[in-house]
Amino acid sequence: MKKFLIIVGIIFAASVVAFGISVAATGINVKSGFGVSIAGTPLIKIGEGKEMKRGEVYTSSFPKAESEKVSKLKISTSSAETRIYCDESANEIRVNFTANRFGTNFTAEIQDDELVVDESGFGIFFLFFWQNGENRLEITLPKAEYEKMTINTASGSVKVDDLIFEDFNSSSASGTSEYNIFADNIKAFTTSGRTTITNCTDKKASSLSFDTTSGSHSISGFTADSFHIGTTSGKVVADGLSGEGDIDLTSGLIELTYAEWDSDLDVNVTSGTCKVNLPEGAGVDAKVDALSGGMSIKSSDGTSLSLSKKDSATIGGENRHKITADLTSGSVNVNIGKR
């Protein structure tokens, strides 16, 4: 027992030292205190400034002149339920944060032309101690179009509504992300979370890139000049695609449905299944290099082909583009026309 208490004490003291530095910022700067207490008496408190109380709402707004300068958004969250949207009747950027968990640092500031918002867990206690309640973050923007958004989430949920960007980058460890946006260039990655992304316009993007380790992406309405989709052990479903495509599938499932069949598709499969759904009247020049597994092609007119090893084949009329499949194992299933 004595050894156990010594070990616990060392870990506890090291955590206090390692995570006792708080972040300073302008705009909003709320630094929470972490406390352990017996009968209401604090024994240890980390952090400085105003203590963040559970259920208390912290609100800040940036003047119109500062808000108008903002062309980039950088949002980082650890556990918050986050909503970001445009209210064109507003003259200013508004940020509201409700702390429902202890061990949270939160800052919001404008740095030159960028709004930077950060909700971070306070060290090892945030990671390993049980907590109930969910922090809440709401960001109201006075305009719908921005140059760039970068959003990073550890867990929790994120919802972004009706915003337009030149560049959009998102990364999540877990949790749920819903993006109803348009961006000319999109990159989205999740480790084990679930991302839904929908085009809020009828515009065509330049490039799309979606990757996941063991989570999922659901993509809807994005025609593009080019796209990349990859998963190691997860699921990606994309509907309404166009453009030159690149698929990298280690295991799991990728399913593509094209709105326009207007360019070539390269598919690399280590294992798993890639499904490709093409519009009526599409044609395919198919080439397979397979160690095992293969490609099947089925058309609504009843034509059916099966390719393996180093086979190649052509199916369809004038609107033909290449599908090149490199398979270690697994399968590529191509359906033309009605399913």
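For this chain, numbers begin at 1 and follow the sequence in order. Everything numeric in this text was worked out from a predicted model, so none of it was measured. Side-chain atoms are counted along with the backbone in the values below, which use heavy atoms only and exclude waters and symmetry mates.
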Before you tell me yes or no, could you show the steps for H217 and I229 under side-chain contact (heavy atoms from CB on, under 4.5 Å), namely the whole-Å CA-CA distance, both residues' side-chain angles and the distance that decides it to 0.1 Å?
CA-CA 10 Å; H217 288 301; I229 295 175; over 6 Å; no

T196 side chain to Y179 main-chain N or O, any donor-acceptor pair under 3.5 Å?
no

Student check: side-chain heavy atoms of V95 and L137 closer than 4.5 Å
yes

If Ile, Leu, Val, Met, Phe, Trp and Tyr residues are connected whenever their side-chain heavy atoms lie under 4.5 Å apart, and connections chain through other members, are V116 and I110 in the same group?
no

Main-chain N/O of T270 paired with S329 side-chain donor or acceptor, under 3.5 Å
yes

Atom pair CZ (R194) and OG (S177), whose distance is rounded to the nearest 0.5 Å:
9.5 Å

Would you compute the distance between atom CG of N335 and atom OG of S300 and round it to the nearest 0.5 angstrom?
10.0 Å

Between the OG atom in S242 and the CG atom in D262, the distance rounded to the nearest 0.5 Å is 4.5 Å

Count I, L, V, M, F, W, Y as connected when their side-chain heavy atoms are under 4.5 Å apart, and connections chain through other members. Are I93 and Y85 then in the same cluster?
no

Which word best sums up how the rings of F168 and F165 line up, parallel for under 30°, tilted for 30 to 60°, or perpendicular for over 60°?
tilted

How are the rings of W261 and H321 set to each other: parallel, tilted or perpendicular (split at 30° and 60°)?
perpendicular

Just do the side-chain contact (heavy atoms from CB on, under 4.5 Å) check on I181 and I197 with the steps written out, would you?
CA-CA 7 Å; I181 65 163; I197 184 162; 4.1 Å; yes

